[in-house]
Amino acid sequence: MGTTLKIALIKGDGIGIDVSDATVEVVDAALARAGAQPLEYDEIRAGAGCFAESGQDIEPDGEARAGAADAIFLGAIGLPSVRHADGTEISPHLRLRDRFGLYAGVRPVKAYPNAPQRLADPRAAGIDMVILRESTEGLFYSAAAHGRSDIRGDEEVRDTLRITRATTEKLHRFAFRLAEKRKERGKPGRVTCVDKANVFASMAFFRKIFDEIAPEFPHIPTGYQYVDAQALHLVRAPWEADVLVMENMFGDILSDLAGGLVGGMGMAACAEIGDETGLFQPAHGSAPDIIGQDKANPLAAVLSGALMLDYLAEKSNDASYARAATLIEGAVDAGFAANRLRPMEFGGDMGTRAMTDALLECVAAKDLAAG
Ligand SMILES: NC(=O)C1=CN([C@@H]2O[C@H](COP(=O)(O)OP(=O)(O)OC[C@H]3O[C@@H](n4cnc5c(N)ncnc54)[C@H](O)[C@@H]3O)[C@@H](O)[C@H]2O)C=CC1
Ligand SMILES: CC(C)CC(=O)C(=O)O
Ligand SMILES: [Mg+2]
C-alpha cells in the first residue's frame with residue numbers, strides 16, 4: 001500500500017453539501033472495489049454560510065490546508081442572500097483558483113442514453129465535447145480576489161479582462177494535449193479557439209497565441225469561432241463540438257448552455273487544473289431553489305470525483321485510482337443505459353439519496369469490469 005492521499009473537502013453551501021456527501025460515498029465505494037488505498041478527507045468550512053456565521057469566507061487556515069492536500073473537492077459556494085457591500089457574492093473559490101493557478105477549467109459535456117437531450121434531432125445523442133475554460137484571468141481577473149474591481153463612486157465601475165502570454169500558452173497546450181487523448185479514444189480530437197478576436201485586442205492576442213502553439217501539434221485539426229456564433233452552433237449542432245478552448249467568462253456561460261443541452265447543470269462536471277494541484281467541483285452552484293428538498297442530481301459532482309481520481313492516478317503514478325475512476329464512469333454509462341439512473345432534474349423519480357444508492361449499486365454491479 002502506498003501513502004494515503006489527502007483531499008481537502010469543501011462542501012460549501014446549499015446543494016453543494018448534499019452532492020459532496022454523495023460523491024464521497026461513491027468515490028469511496030469505487031476505491032474499495034478497485035483495490036485502491038482509501039482517501040483521507042480534510043473538511044474545510046468555506047462559503048456564504050461560513051461568512052454569515054464568522055465574517056470569514058473560509059476557515060482561517062483553510063487556504064493553506066487546501067494547498068497542502070493532494071487535491072481539492074468542492075461542492076458549491078454562494079448564496080444570493082449573502083453579499084459583500086459592493087453587491088458581489090461570497091466567492092473564496094475564485095481566490096483558490098487564483099492562488100493555486102488553476103488555469104485549466106475542464107468541463108466535459110456528454111449525452112447519456114435515456115437522459116433527455118434537449119434537442120429533438122437524433123444526432124444529439126452523440127454530444128461529447130469538452131469546454132476548456134481558462135479559469136484564473138479573462139474577465140474574472142478583477143473577481144479573482146475580492147476588491148480588485150475599479151469602483152468609481154456610484155457613477156462608474158470597471159472590471160478588467162486580462163490575458164497573459166504565460167497562462168494562455170499553457171492553456172492552449174493543455175487543449176491540444178486533451179485533443180490528443182480524445183483522439184486516442186476515437187473522438188475527432190479537434191481544437192476550436194473560441195474568442196471575440198474581431199473586436200477585442202485581448203481576444204486577438206488569445207487567438208495569436210493559439211496560432212503560435214498549434215504548429216507544436218501538427219496532427220491536431222484546428223478551427224476558430226467567434227463566441228456569439230459558437231453559441232449558435234452549440235444550440236444548432238452541438239454534436240459537432242469537440243474541444244473548445246476559451247476565455248474565462250465565455251467558458252462560464254457556454255458551459256452552462258452546454259450542460260443544459262444534455263439534461264441540466266446536474267450533468268456538468270468540472271476539473272480545474274494547475275501546475276501543482278487540482279480542484280474538482282460540479283459546474284453548478286448551490287441551487288437555492290431546491291435546497292433541502294433531496295432533488296439535486298449528484299452526477300455532476302460524482303463525475304467530477306471521477307476526474308479527481310484520474311488526476312490522482314497521474315499525480316501519484318498509481319493506476320488503482322484510474323481503475324476507480326473508470327468504475328464510476330462505467331457505472332454512470334451502464335446505469336443510464338439500463339434506465340437505473342433517473343434524476344428528478346429531468347423528470348425522473350430519483351432525488352439525491354435515491355440517485356446515490358443507485359450509483360452505489362451500479363459501481364458494485366458484477367457486470368462492470370473492475371478496469
Ligand atoms: N462554482 C460554484 O460554486 C458556483 C456557485 N454559484 C452560486 O450558486 C448560487 C445559485 O446560482 P444559480 O445562478 O442559481 O446557479 P445554479 O447552478 O445553482 O442553479 C441554476 C439552476 O440549475 C439547477 N441546478 C443546479 N444544479 C443542479 C443539480 N445538481 N441538480 C438539479 N438541479 C440543479 C438549479 O435548481 C437552478 O434551477 C449563487 O449564489 C451563485 O453565485 C453559481 C455557479 C457556480
Ligand atoms: C464564482 C462562481 C459563481 C462562478 C461560476 O459561475 C463558475 O465558476 O462556474
Ligand atoms: Mg458558472
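Remember, it's 1-based here, ligands and their atoms both numbered in the order they're listed. Values in this document were obtained by computation on a predicted structure and should not be read as measured data.
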E89 near ligand 2 by a heavy-atom separation under 4.0 Å: no
Closest to atom 4 (C) of ligand 1 among A48, G285, G264 (heavy-atom distance): G285
Any protein heavy atom nearer than 4.0 Å to atom 37 (O) of ligand 1: yes
E345 contact mode with ligand 1 (heavy-atom cut-off under 4.0 Å): side chain
Sub-4.0 Å atoms of ligand 2 with respect to non-hydrogen atoms of R97: 7 (C), 8 (O)
For L94, the ligand 2 atoms whose distance to one of its heavy atoms is below 4.0 Å: 1 (C)
Atom indices of ligand 1 within 4.0 angstrom of A296 heavy atoms, with elements: 30 (N)
N or O contact, H93 vs ligand 2, cut-off under 3.5 Å: no
S91 N/O under 3.5 Å from ligand 2 N/O: no
Backbone N/O of K6 and side chain of D70: donor-acceptor pair under 3.5 Å: yes
Within-shell test, M265 vs ligand 2, heavy atom, strictly < 4.0 Å: no
Ion pair R133/E272, N-O distance below 4.0 Å: no
Which N, O or S atom of D252 lies nearest to the Mg ion (ligand 3), by name: OD1
Pair D159, S149: side-chain N/O donor-acceptor within cut-off below 3.5 Å: yes
V19 touching ligand 1 at heavy-atom level, < 4.0 angstrom: no
Per-atom contacts, ligand 2 versus R107 - under 4.0 Å to a heavy atom: 7 (C), 8 (O), 9 (O)
Enumerated ligand 1 atoms positioned under 4.0 Å from heavy atoms of L79: 39 (O)
Carboxylate-amine/guanidinium proximity below 4.0 Å for E59 and R45: no
Distance flag for atom 20 (C) of ligand 1, protein heavy atom under 4.0 Å: no
Taking atom 40 (C) of ligand 1 as the reference point, the nearest protein heavy atom with its distance: E89 OE1, 3.5 Å
Residues R185, E180: salt bridge by 4.0 Å N-O rule: no
Side-chain donor-acceptor pair present, D211, Y224, cut-off under 3.5 Å: yes
Under-4.0 Å heavy-atom contact with ligand 2, by part of I77 that carries it: neither
Atom 13 (O) of ligand 1 within contact range, any protein heavy atom under 4.0 Å: no
Per-residue contact class, Q281 against ligand 1 - non-hydrogen pairs under 4.0 Å: side chain
Whether S286 lies under 4.0 Å from ligand 1, heavy atom: yes
Shortest non-hydrogen separation from N297 to G266 and the atoms involved: ND2-O, 3.3 Å
E276 and K315 ion-paired at < 4.0 Å: no
Side-chain donor-acceptor contact under 3.5 Å, T136 with E134: yes
Location of contacts on A283 toward ligand 1, heavy atoms closer than 4.0 Å: backbone
No-hydrogen, no-angle side-chain donor-acceptor test under 3.5 Å, D86 and H146: yes
Residue part near ligand 2, for H284, under 4.0 Å between non-hydrogen atoms: neither
Nearest neighbour in protein (non-hydrogen) for atom 5 (C) of ligand 1: I77 O, 3.0 Å
Ligand-residue contact atoms, ligand 1 with I290, heavy atoms, under 4.0 Å: 31 (C), 32 (N), 35 (O)
For atom 22 (O) of ligand 1, closest protein heavy-atom neighbour: M265 CG, 4.0 Å
N/O/S atom of D256 inside 2.8 Å of the Mg ion (ligand 3), strictly under: no
Identity of the nearest option to atom 27 (C) of ligand 1, non-hydrogen atoms only, from D13, I15, N297: I15
Proximity of M249 to ligand 2 by residue part, where a heavy atom lies under 4.0 Å: neither
Exercise check, heavy-atom protein proximity under 4.0 Å to atom 2 (C) of ligand 1: yes
Carboxylate-amine/guanidinium contact E345 K295, below 4.0 Å: no
Short side-chain donor-acceptor distance under 3.5 Å, T164 and T167: yes
Region of Q281 that comes within reach of ligand 2 [heavy atoms, distance under 4.0 Å]: neither
Nearest non-hydrogen protein atom, atom 11 (O) of ligand 1: P288 CD, 4.5 Å
Nearest-neighbour protein heavy atom for atom 6 (O) of ligand 2, which is reported as residue plus atom name and distance: D252 OD1, 3.2 Å
Flag if over 12 foreign heavy atoms under 6.0 Å of NZ, K196: yes
contact_flag R133 ligand 2 heavy-atom lt 4.0 Å: yes
T4-Q37 side chain donor-acceptor pair, cut-off 3.5 Å: yes
Ring-ring centroid check F210 F205, cutoff 6.0 Å: no
Taking atom 35 (O) of ligand 1 as the reference point, the nearest protein heavy atom with its distance: D289 OD1, 2.7 Å
From the candidates A301, G263, A287, the one that places a heavy atom nearest atom 24 (N) of ligand 1: A287
Element-labelled atoms of ligand 1 that are located less than 4.0 Å from some non-hydrogen atom of H93: 1 (N), 2 (C), 3 (O)
Close side-chain approach of S91 to H84, heavy-atom, < 4.5 Å: no
Note: D128-K187 ion pair, threshold 4.0 Å (strictly below): yes
SB check R65 E63 (cutoff 4.0 Å): no
Ionic contact status for D98 with R148, cut-off 4.0 Å: yes
Lys/Arg N to Asp/Glu carboxylate O, D333 vs K110, below 4.0 Å: yes
